[in-house]
Protein chains: 2
Amino acid sequence: MSAMPPVDEMQRAFEARDSSYDGVFFVAVSSTGIFCRPSCPARRPLSRNTRFMATAKEALFAGFRPCKRCRPLHTDGQPPEWVEELLAWVEEDPSRRIKDGDLRARGLDPARVRRHFQRTYGMTFQAYCRGRRLGDALGEIREGGELDEVILGHGYESHSGFRDAFVKTFGTPPGKSRGEDCIQVDWIESPLGPLVAGATAEGICLLEFTDRRMLEAQFRAIRRLFKRAVVPGKNPHLEHLKRELAAYFSGTLMRFTVPLVFPGTPFQRRVWEELLRIPYGQTRTYEQMAQAAGSPGACRAAGTANGMNRIAILIPCHRVVNKDGKLGGYGGGLWRKARLLGLEQGVPSS
Amino acid sequence: MSAMPPVDEMQRAFEARDSSYDGVFFVAVSSTGIFCRPSCPARRPLSRNTRFMATAKEALFAGFRPCKRCRPLHTDGQPPEWVEELLAWVEEDPSRRIKDGDLRARGLDPARVRRHFQRTYGMTFQAYCRGRRLGDALGEIREGGELDEVILGHGYESHSGFRDAFVKTFGTPPGKSRGEDCIQVDWIESPLGPLVAGATAEGICLLEFTDRRMLEAQFRAIRRLFKRAVVPGKNPHLEHLKRELAAYFSGTLMRFTVPLVFPGTPFQRRVWEELLRIPYGQTRTYEQMAQAAGSPGACRAAGTANGMNRIAILIPCHRVVNKDGKLGGYGGGLWRKARLLGLEQGVPSS
DNA sequence: CGGCCTCCACCGATTTTTCGACACCAATGT
DNA sequence: ACATTGGTGTCGAAAAATCGGTGGAGGCCG
């Protein structure tokens with residue numbers, strides 16, 4: 001069974017219905033003989049009746065049956081199956097317009113879909129699709145596509161409808177956006193929970209574990225920092241990143257090659273550049289980082305700069321620890337830092 | 001307003017003197033009337049006396065003076081101090097030639113100066129000075145100065161050198177310029193950000209907020225439209241404009257008297273003339289404008305003509321809004337439109 | 001030149017989506 | 001059996017998006 005988050009962490013996550021821990025561990029309730037995902041909507045049982053398990057198999061084997069509400073077997077993977085299917089359907093032809101009626105035709109209740117997207121991705125399903133379409137459209141315009149052709153290819157039937165929507169998301173009319181760029185974000189599954197990733201045409205500019213409820217604020221910050229619109233979408237760098245992350249988590253990749261974009265103050269940049277120099281599997285102290293960044297003594301500032309890093313894992317801020325050997329802090333939760341370090345030191349993960 | 005980190009984040013950063021937030025926000029202390037960078041070394045004030053501001057400008061406008069220890073303007077404040085000094089030095093005697101060596105003698109790195117000018121004003125420092133000299137020279141030529149005297153009085157040591165430079169900027173040799181005019185441009189600071197203003201001998205022909213990235217193109221358009229060169233320089237109308245703008249922003253001036261020059265197509269001119277008739281503090285709809293311009297139904301076209309207006313504020317295109325009460329669009333950014341309207345309706349600007 | 005084409009700081013009438021409220025359901029504690 | 005919790009489906013009103021209008025400017029091409 002090996003690595004689970006610490007018990008108190010799990011208790012907190014279970015209490016808070018933190019869906020980012022789905023798949024990371026399971027909760028078995030001895031009074032009912034049922035086991036659930038951490039995010040199960042049902043009322044919380046008394047804590048003396050709960051037991052934490054690393055896998056569903058384990059729970060089944062111990063005689064528990066899966067909960068009918070959160071269906072811990074049914075989905076196993078984080079996003080419920082119907083969401084995966086729906087997303088796949090969207091990807092089949094992102095330029096197509098999907099109306100509430102189409103959802104109903106697939107047996108999905110639009111309200112349910114909307115609520116799920118709102119909760120998970122911070123926007124309604126329709127808003128997701130719209131952003132997705134406009135992001136693609138901007139891409140084509142940037143490449144110099146003829147405006148009218150682009151419009152007809154992206155789900156709008158009228159010139160003006162497209163224009164209105166475009167201006168609303170990007171702030172500038174399509175004609176003036178020729179050379180502009182936007183940030184495309186996507187969600188990536190990992191053994192440590194879902195990550196949100198963002199990329200411009202130049203490279204990856206965002207990668208974070210999503211359980212920070214900060215998501216909304218993050219988007220705003222990113223938008224301000226890059227002065228660009230943020231839309232959900234696909235992007236070659238994101239695909240590249242997904243492949244490399246998969247290899248990283250399987251322990252076979254030690255050095256990422258996907259390009260990064262990380263603007264910041266001069267001091268921050270120095271710290272981040274230094275982080276990139278720490279080899280796989282090794283650690284540094286905050287003090288060493290401050291020194292390397294040219295400001296010995298500024299270890300506190302180095303710590304802050306570490307925390308401000310927006311590209312987790314690739315800019316390995318998890319490789320910086322306290323001088324006394326303790327782990328220090330980590331934006332995505334200490335247990336993840338521990339797991340990442342463990343992974344890099346060859347500890348077999350669950 | 002708009003995008004700042006969450007308040008608790010700012011409090012933490014200020015408390016910790018976190019220099020990574022320098023330039024991201026500013027702290028104004030109401031008990032002392034001073035504003036600082038987050039990293040200011042001075043003793044922390046009581047938190048009930050602090051206010052957070054997004055920009056130094058905002059703080060200044062709210063009546064705070066920059067702290068003498070952390071010098072919040074010094075680094076990030078829009079025109080760095082050394083630039084201001086340098087510009088003042090140029091103004092002292094615009095006809096003087098400033099070589100790289102002179103800059104070095106003042107402790108400035110020519111490359112740095114060039115980069116800053118290129119970035120901020122769209123031309124190198126040398127180009128700025130050359131234009132400045134030529135603009136003055138042209139003004140004198142128009143007034144009938146003796147050609148050779150003019151030349152020698154403006155930093156050129158030889159006739160031919162002046163001619164070359166002159167031809168390069170204006171397209172015509174100086175002898176033919178008598179009776180012609182060029183457009184002098186200058187930068188004007190305002191509570192809503194810096195403006196670029198342009199004037200001929202007849203009056204103001206350009207006034208725009210400079211964060212419109214279009215500046216370069218604008219200049220080209222202006223040059224083509226007026227068939228005149230655009231050079232940095234001073235001009236009585238510009239001085240007049242500066243005084244009136246200051247009064248306008250302080251809320252005491254409601255009608256500008258500085259003369260305007262705005263050539264355009266007949267339709268555009270009709271729209272612009274109508275704009276000038278909208279009284280201070282009132283608004284019209286695009287539809288009303290179209291009607292007033294004699295083409296009811298051409299509301300969209302009226303909007304476009306509005307957008308083509310090159311003299312912001314004075315030709316009050318900000319007083320035109322959507323019929324449904326929404327603000328519509330604004331070249332300088334919607335927030336400016338809102339603030340301008342607020343100012344005119346007596347809302348104390350933040 | 002004059003036609004042809006693209007783009008634009010809008011408007012009004014239709015869809016379509018969003019949002020709130022409310023009843024219902026599964027899982028659980030008492 | 002009944003209360004409690006938070007998700008789900010349904011409904012209707014309110015808010016947005018969309019669609020197909022619009023007239024004018026400016027670039028391009030023969």
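The chains referred to below are lettered A, B, ... by the order of the sequence lines, with proteins before strands, and numbering in each begins at 1.
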Touch class at under 4.0 angstrom, heavy-atom based, for B:G328 against every strand present: nothing

Protein-nucleotide distance (A:R44, atom CZ; C:dA26, atom C1'), rounded to Å: 13 Å

Separation of C:dT18 P from A:H116 NE2 (nearest whole Å): 16 Å

Watson-Crick or G-U wobble partner of C:dA9, both distances under 3.5 Å: none

Side-chain donor-acceptor contact under 3.5 Å, B:E202 with B:T200: yes

Salt-bridge criterion met for B:E274 and B:R277 (N-O under 4.0 Å): yes

Sugar-phosphate only, base, or nothing, as touched by B:D324 at under 4.0 Å among non-hydrogen atoms: nothing

Plane angle bin for B:Y248 and B:F256 - parallel if under 30°, tilted between 30 and 60°, otherwise perpendicular: tilted

Contact nearer the 5' end of DNA chain D, comparing B:A298 with B:K326: B:K326

Distance, rounded to the nearest Å, where B:N306 contributes CG and C:dC11 contributes P: 11 Å

Touch class at under 4.0 angstrom, heavy-atom based, for B:L334 against every strand present: nothing

Neighbour count >12 (heavy atoms, 6.0 Å) for atom CZ, B:R269: yes

By ring pair (Phe, Tyr, Trp, His ring centres under 6.0 Å) - contacts of A:F64 (at least two apart): none

Close side-chain approach of A:S31 and A:R48, heavy atoms under 4.5 Å: no

Sugar-phosphate, base or nothing in reach of A:I34, heavy atoms under 4.0 Å: sugar-phosphate

Sugar-phosphate, base or nothing in reach of B:A302, heavy atoms under 4.0 Å: nothing

Shortest side-chain distance from B:K337, nucleotide among C:dA9, C:dT18, C:dG29: C:dA9

Spacing between A:Q118 atom CD and C:dT17 atom P, to the nearest angstrom: 15 Å

Euclidean distance, atom NE2 of residue A:H159 to atom C1' of C:dC5 [Å, nearest integer]: 11 Å

Atom-to-atom span, CD of B:Q268 to P of C:dA9 - whole angstrom: 13 Å

Closest non-hydrogen atom pair, B:L241 against B:A197: CD2-CB, 3.8 Å

Atom-to-atom span, CG of B:N309 to P of C:dA9 - whole angstrom: 13 Å

Between C1' of C:dT17 and OH of A:Y128, the distance in whole Å: 19 Å

Complement of D:dT22, any strand, by Watson-Crick or G-U distances under 3.5 angstrom: none

Touch class at under 4.0 angstrom, heavy-atom based, for B:C317 against every strand present: base

Contact under 4.0 Å: A:S31 side-chain N or O vs C:dG29 OP1/OP2: yes

Contact residues, residues 96-110 of chain A to DNA chain D [heavy atom, < 4.0 Å]: A:R97, A:D109

Heavy-atom contact window of chain B on DNA chain D, given 5' to 3' at under 4.0 Å: D:dG21 to D:dG27

Closest non-hydrogen atom pair between B:P191 and B:F249, with its separation: CD-CG, 3.6 Å

Touch class at under 4.0 angstrom, heavy-atom based, for B:Y286 against every strand present: base

Nucleotide nearest A:T32 when distance is taken to its side chain, options C:dG29, C:dT17, C:dC19: C:dG29

Trace of the side chain to side chain donor-acceptor pair (under 3.5 Å) decision for A:Q118 with A:Y128: CA-CA 10 Å; A:Q118 190 82 64; A:Y128 174 91; over 6 Å; no

Sugar-phosphate only, base, or nothing, as touched by A:S160 at under 4.0 Å among non-hydrogen atoms: base

CD1-CZ distance between A:I98 and A:R133, expressed to the nearest 0.5 angstrom: 8.5 Å

Sugar-phosphate, base or nothing in reach of A:Y156, heavy atoms under 4.0 Å: sugar-phosphate

Electrostatic pair A:R132:A:D136 at N-O distance under 4.0 angstrom: yes

Residue-phosphate contact under 4.0 Å: A:N49 side-chain N/O, C:dT28 OP1/OP2: no

Nearest-nucleotide 5' precedence on DNA chain C, B:K323 against B:G329: B:G329

